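Reading through the structure tokens given below for one structure.
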Amino acid sequence: MSTHTEPAVFHPQAARMSLPGIRNVTFAQPFHWLRDGAKDMAKAWPLSLFYGIVFALLGYGLVHGAWGKPHLAMALTSGFLFVAPLLATVFYCVSHRLEHHHKLPNLWVPLLSWRANPASLGLFALMLVFVLSVWERISAILVGLFLSGSGIGSLSDLLSVSAVQQHTDFVLAYLAFGGVMALMVFSLSVVSLPMLLHRKVDFATALVTSFMATRLNFAVMLLWGVLIAGLIAVAMATDFIAMAVIFPWLGHASWHAYRELVEREWQAK
């Protein structure tokens with residue numbers, strides 16, 4: 001398990017909020033987080049694999065259920081990145097226990113981890129649902145503007161090489177809007193959800209801490225976001241089969257990212 005002994009490099013101040021210090025991390029750290037996440041997964045493989053399979057089946061069912069509606073299938077596929085941090089709370093719970101050398105929880109205990117901070121986690125869930133609904137509408141508008149009358153009737157048609165070549169303007173617009181939203185959600189969730197699970201902090205404190213951690217380590221966090229998106233894309237490209245392993249791996253790794261980015265000794269006031 002990784003450790004980080006350097007002092008916090010910045011103590012952010014925002015609107016009389018008590019915030020933890022943020023550590024400066026290097027470009028090597030995301031790969032260390034992946035390594036430590038793999039170690040946690042190996043130690044808790046029955047739990048990790050069980051929940052990985054559950055979430056893989058959930059993703060498969062949602063995407064294929066909307067396959068005949070390109071905008072909805074695309075919104076759900078790309079939107080998986082938006083809600084993934086919330087689903088990953090089960091893996092944060094397991095990694096937290098491993099960090100403190102506790103016994104692994106029973107099968108259903110990680111699903112109840114929200115009880116550690118129900119109000120704030122509930123608000124975060126509502127925010128992600130709102131973001132996903134907004135993204136679905138943006139996706140529908142983009143499909144209507146660029147692909148109306150194109151004859152594309154399913155996600156398979158849209159993802160064909162010829163369709164991508166013919167509709168480069170749509171691809172660029174979709175990537176631009178999706179990239180902006182993904183960066184926003186990533187910056188607000190990369191630290192906040194593990195923090196809400198680990199400490200009794202309020203919703204706003206967790207959001208600001210996550211934003212500050214991303215802002216102060218922007219280049220490294222951008223690399224971390226690209227690694228996450230790339231691995232999730234690989235998992236989806238296998239028709240969600242690899243998701244059963246990749247998603248829990250990233251969930252455990254995200255716990256280690258939080259523990260290295262946020263001051264360990266800080267306590268909410």
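As the structure is a prediction and not an experimental result, all values here were calculated from the model.
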Please name the pair of heavy atoms, one in [X] and one in [Y], separated by the smallest distance, quoted to 0.1 Å.
{"X": "Leu197", "Y": "Ala116", "result": "O-CB, 3.8 Å"}
{"X": "Thr205", "Y": "Thr209", "result": "O-OG1, 2.8 Å"}
{"X": "Lys200", "Y": "Pro118", "result": "NZ-CD, 4.1 Å"}

From [atom1] ([X]) to [atom2] ([Y]), nearest 0.5 Å:
{"X": "Arg137", "Y": "Leu142", "atom1": "CZ", "atom2": "CG", "answer": "11.0 Å"}
{"X": "Met41", "Y": "Leu47", "atom1": "CE", "atom2": "CG", "answer": "11.0 Å"}
{"X": "Thr214", "Y": "Leu261", "atom1": "OG1", "atom2": "CG", "answer": "8.0 Å"}

*State whether Arg23 and Glu260 are salt-bridged, where the test is any N-O pair (Lys NZ or Arg NE/NH1/NH2 against Asp/Glu carboxylate O) under 4.0 Å.*
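Result for this pair is no, no salt bridge flagged.
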Would you indicate whether the side-chain heavy atoms of [Y] and [X] approach each other to under 4.5 Å?
{"X": "Phe203", "Y": "Asn117", "value": "no"}
{"X": "Lys43", "Y": "Leu98", "value": "yes"}
{"X": "Asn24", "Y": "Asn217", "value": "yes"}
{"X": "Leu128", "Y": "Leu132", "value": "no"}
{"X": "Met243", "Y": "Ile232", "value": "yes"}
{"X": "Leu34", "Y": "Trp224", "value": "yes"}
{"X": "Lys39", "Y": "Arg35", "value": "yes"}
{"X": "Asp40", "Y": "Asp36", "value": "no"}

*Run through the side-chain heavy atoms of Ile, Leu, Val, Met, Phe, Trp and Tyr, join any pair under 4.5 Å, and report what else lands in Leu126's cluster.*
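Hydrophobic cluster check, Leu126: no partners found.
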For [X], check side-chain contact (heavy atoms from CB on, under 4.5 Å) against everything at least two apart and list the hits.
{"X": "Ala28", "value": "Thr26, His32"}
{"X": "His96", "value": "His100, His198, Trp255"}
{"X": "Thr238", "value": "Ile241, Ala242"}
{"X": "Pro46", "value": "none"}

_Chi angles and distances behind the side chain to side chain contact (heavy atoms under 4.5 Å, CB included) call for Leu207, Phe124_ = CA-CA 9 Å; Leu207 287 185; Phe124 204 101; 3.4 Å; yes
*Quick one: list whatever passes ring pair (Phe, Tyr, Trp, His ring centres under 6.0 Å) with Phe55, sequence neighbours left out.*
Phe247
*Partners meeting ring pair (Phe, Tyr, Trp, His ring centres under 6.0 Å) with Phe27 (sequence neighbours left out)*: none
Tell me which donor-acceptor pairs under 3.5 Å the side chains of residues 174-196 have, and how far apart each pair is, sequence neighbours excluded?
from, atom 1, to, atom 2, distance (Å)
Tyr174, OH, Met74, O, 3.4
Tyr174, OH, Ser139, OG, 3.2
Ser187, OG, Leu183, O, 3.2
Ser187, OG, Met184, O, 2.8
Ser189, OG, Val185, O, 2.7
Ser192, OG, Leu188, O, 2.5

*asked:* Once side-chain hydrogen bond (donor to acceptor under 3.5 Å, both in side chains) is applied, do any residues pair with Trp135, and if so which ones, sequence neighbours excluded?
replied: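 Result, side-chain hydrogen bond (donor to acceptor under 3.5 Å, both in side chains) vs Trp135: Ser78.
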*With sequence neighbours left out, which residue pairs that include part of residues 241-254 fulfil the side chain to side chain donor-acceptor pair (under 3.5 Å) condition?*
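For residues 241-254: Ser48-His252, Ser95-His252.
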*asked:* Hydrophobic clustering (ILVMFWY, side-chain heavy atoms < 4.5 Å, transitive) - are Val129 and Met127 grouped together?
replied: no
Check residues 82-94 and write down every donor-acceptor pair under 3.5 Å in which the side-chain atom is one partner and the other belongs to a residue at least two apart or another chain.
from, atom 1, to, atom 2, distance (Å)
Thr89, OG1, Leu86, O, 2.9
Tyr92, OH, Pro85, O, 3.4

